[in-house]
Structures are given as structure tokens and as C-alpha cells.
Amino acid sequence: MVHAPERPDPGAPPVRINLYSDTQTRPTPAMKEAMMRAEVGDEQHGDDPTVHALCDRMAALTGKEAAVFLPSGTMCNIIATLTHCRPGDEILAHETAHILTSEGGGHAALGGVQITPLRGPRGMFTAEEVRAAIRPRRRHAPPQTLLEVEQTSNLGGGAVWPKAQLDAVAAVAKEHGLATHMDGARLMNACVASGIAPAEMAAGWDSVWLDFTKGLGAPLGAVLCGTAEFIDAAWRWKQRLGGAMRQAGICAAACLYALDHHVDRLAEDHANAKAFARGLRQIPGIEVVEPDTNLVYFDPSGAGVSAPELVRALRMRGIQISLLGGRIRGCTHLDVTAAMVEEALDVIREVLAERG
Ligand SMILES: *Cc1c(COP(=O)(O)O)cnc(C)c1O
């Protein structure tokens with residue numbers, strides 16, 4: 001099977017420590033209670049008060065005029081592309097961007113756009129790199145209409161774009177008539193880590209979205225924000241793609257709960273990630289990227305075990321962790337405690353010791 005996700009291996013023990021992804025958090029009992037109490041209506045008809053409350057709150061939080069509730073972050077990205085661009089247009093994004101590597105080619109398949117990869121360390125690029133990628137507007141060249149960034153950069157190691165660098169790349173885009181889109185899947189991680197408010201972070205960006213199913217711990221939902229005109233146009237694509245929902249307030253209530261209770265605590269995830277990185281670095285041969293937020297990328301091959309072998313060995317000991325681009329990614333979140341991080345480090349040391 002290539003397309004359907006694999007079912008869990010029946011031979012593997014239950015997962016005790018889940019460092020696989022912040023998408024794997026389970027809704028807490030208090031979040032479920034908030035969902036049960038939610039006032040709901042037909043979202044597709046504009047009748048769901050809880051969805052309205054969430055969208056109003058997100059528009060205010062990101063400093064935009066309006067917002068729309070969508071089932072996933074991937075749908076936020078594709079709807080932003082469909083709204084900002086026309087078929088034949090070109091998007092500039094980092095070579096590791098989720099829209100380029102991880103959305104099934106949807107931007108080309110559905111939007112007819114091409115994505116030109118920009119390079120730079122940790123998922124980021126500079127204003128000079130954007131300037132160098134911009135071509136004079138001629139009929140031979142594809143119209144360059146959108147610049148996209150990820151805050152934080154996922155494959156860049158959860159790296160937080162410095163605000164000045166974000167502003168600088170957005171300014172170059174504006175200077176050349178490109179729209180700007182921020183993939184804020186983990187925007188609140190960036191804001192908590194840097195102490196910069198979301199509205200300030202997203203100030204140079206025409207559209208921005210936040211995923212509630214990453215570190216914020218909701219079961220479903222993402223909110224895309226922008227001008228009233230942009231969100232109005234985005235609604236047509238939401239309808240076309242089947243993203244218009246019904247009693248979605250049940251899920252919006254979980255997102256509102258997450259905004260109230262799960263944002264400040266992201267600092268704990270960041271501290272746990274730093275502790276995990278510190279422990280890994282003390283193991284001879286393991287190469288670790290210092291985390292800005294909740295993602296810890298490391299390569300154990302210098303310690304005598306390949307990344308896939310270590311992932312498998314950990315899984316057989318009840319620890320789930322992911323393999324991404326030949327490296328291991330450990331992710332801290334709501335369901336990972338400091339004690340679990342220490343235990344994971346112990347188990348990694350054990351596995352390495354057994355291999356001599
Ligand atoms: C997870 C993720 C997405 C996609 O979000 P889904 O809710 O899983 O569709 C997009 N961009 C980045 C950077 C992500 O980490």
C-alpha cells in the first residue's frame with residue numbers, strides 16, 4: 001500500500017511515550033467538556049455561534065480583518081494558494097516548505113501553480129535570496145504572485161524566523177507586487193518562544209493561519225485569517241473543496257479552549273525539547289540540532305546505529321518517534337512530560353549500550 005496510512009504493527013507493544021508528533025495529542029477531559037457544552041448551528045449557513053467566536057478571536061489575535069474555520073492546515077494552505085494565485089502563477093517558498101514537500105502536490109494539481117524553492121539554513125531565507133529569485137515581469141516568465149514562509153519552520157527544526165528577517169522578506173515581496181502568506185501551523189510556538197505577539201509576527205503577511213491540532217491539542221481544525229475580501233473569496237473555495245461544515249462549533253469549542261489553556265504551556269514543551277537535546281548531545285556520536293521550540297532533529301549514525309534502526313528499536317520498547325528525511329525527529333507536546341523525556345533518553349542509551 002502506498003496511499004492509505006499503515007495500521008499500527010500488531011506485534012509492537014503499546015506506545016508509552018509518544019514523541020512522534022504534536023498532532024498525536026488526545027483532547028483532555030476539560031477540552032471534551034468544553035466541546036460538549038458548545039452552542040452549535042449550521043456552520044455552512046453562518047449559524048454556528050461558536051465558530052463565529054473562534055473566527056473573531058483569531059482575526060483579533062492575528063491582527064487581520066476576518067477569519068475562516070477549516071478542517072485542516074493543509075486546506076488553509078491550498079485555499080490561500082487558490083485565493084491568491086491563478087493557474088500558471090509561481091509561488092516562492094523554502095525548499096523544505098510543507099506546501100512543496102508534504103501536501104501531495106496539491107498546489108500544482110488543484111491550483112495549477114508552480115513553487116520555486118528558495119534555499120537557506122533552518123528553513124529560512126534572506127531578503128537578498130528573495131530579491132535574487134524575482135524576475136523582471138515579462139510574458140516569458142510565470143507571474144510571481146506569492147511569497148510563502150513557515151513560522152515555525154517544521155523541516156527547519158522548529159526554527160523561529162526572527163521578526164526582522166520576516167519583515168525584510170515580506171517587504172521585498174511587497175516591493176515587487178507579490179502577496180505574502182504565512183503557514184503558521186506552529187505560530188503560537190514561535191510567539192511563545194520569542195515573546196512576540198501573533199499580530200505583530202504576522203503584520204507583513206496578507207494571510208496567516210494557525211493549526212489547532214499541533215501543540216494546541218485540539219482534535220481538528222485550523223483558522224485562516226486575512227482581509228475581509230480575501231476571506232470572502234476563500235469561502236468560495238471552502239465550499240468547492242467540501243470544507244464547509246455543519247455543527248463545527250463542537251470542534252471550534254476545543255480550539256477556543258486551547259487558546260485559553262494550551263498556549264502559555266507551550267513553554268513547557270520548549271523546555272522539554274531543550275532537555276531532550278541536551279541529553280542527546282551528551283551521548284557520543286549523536287548529532288543534534290539545537291531546538292528553538294518543540295522539535296528536536298538528530299542523527300544517531302555517528303553513535304553506531306542508523307536512524308531507521310533506532311526508530312524501530314525504540315518502537316519495540318514503547319517509544320514512538322519519527323523518521324524524517326534520514327534524521328530522527330522528536331517532538332514534545334501536551335502528552336509528553338519531563339519524566340518521559342528522561343526515560344526516552346535512558347532507553348536510547350540502553351539501545352546503544354546493547355549494540356556495544
Ligand atoms: C502540519 C503542518 C501543515 C498541515 O497541517 P494539517 O492540519 O496536518 O493539514 C502545514 N504546514 C506545516 C508547517 C505543518 O507542520
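Counting convention: from 1, in listed order, for ligands and their atoms alike.
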Check: Taking everything shown except R16 itself, do over 12 heavy atoms lie less than 6.0 Å from its CZ?
Finding: yes
Check: E103 to ligand 1: N or O pair under 3.5 Å?
Finding: no
Item checked: Distance filter under 4.0 Å to D211 heavy atoms, resulting ligand 1 atoms -> 5 (O), 6 (P), 7 (O)
Notebook entry, point to check: Side chains of N18 and D335: is there a donor and an acceptor less than 3.5 Å apart?
Noted result: no
Note to self: Pairing donors with acceptors under 3.5 angstrom, does anything connect the side chains of Q144 and H176?
What the structure shows: no
Checklist line | Non-hydrogen atoms of L295 and C331 that approach each other most closely | finding: CD2-SG, 3.6 Å
Checklist line | Least distance between heavy atoms, I286 atom then F298 atom | finding: CG2-CD1, 3.9 Å
Next item on the list: Would you mind running through ligand 1 and noting each atom that sits below 4.0 Å from a heavy atom of E150?
Entry: 13 (C)
Check: Do N77 and H181 have side-chain N/O donor and acceptor atoms under 3.5 Å apart?
Finding: yes
Check: With distance as the sole criterion, is a donor-acceptor pair present between the side chains of S207 and H84 under 3.5 Å?
Finding: yes
Next item on the list: Could you check atom 9 (O) of ligand 1 against the protein and tell me its nearest heavy-atom contact, residue, atom and distance included?
Entry: T74 OG1, 2.7 Å
Notebook entry, point to check: Can you list the atoms of ligand 1 that are under 4.0 Å from a heavy atom of R186?
Noted result: 15 (O)
Notebook entry, point to check: Can an N or O of A185 be found at a distance shorter than 3.5 Å from an N or O of ligand 1?
Noted result: no
Item checked: Subset of ligand 1 atoms that lie under 4.0 Å from at least one heavy atom of S72 -> 7 (O), 9 (O)
Notebook entry, point to check: Atoms of ligand 1 less than 4.0 Å from K214 heavy atoms?
Noted result: 1 (C), 2 (C), 3 (C), 5 (O), 14 (C), 15 (O)
Check: Which of the numbered atoms in ligand 1 are below 4.0 angstrom from a heavy atom of D183?
Finding: 10 (C), 11 (N), 12 (C), 13 (C)
Notebook entry, point to check: Has ligand 1 got any nitrogen or oxygen that is less than 3.5 angstrom from a nitrogen or oxygen of W209?
Noted result: no
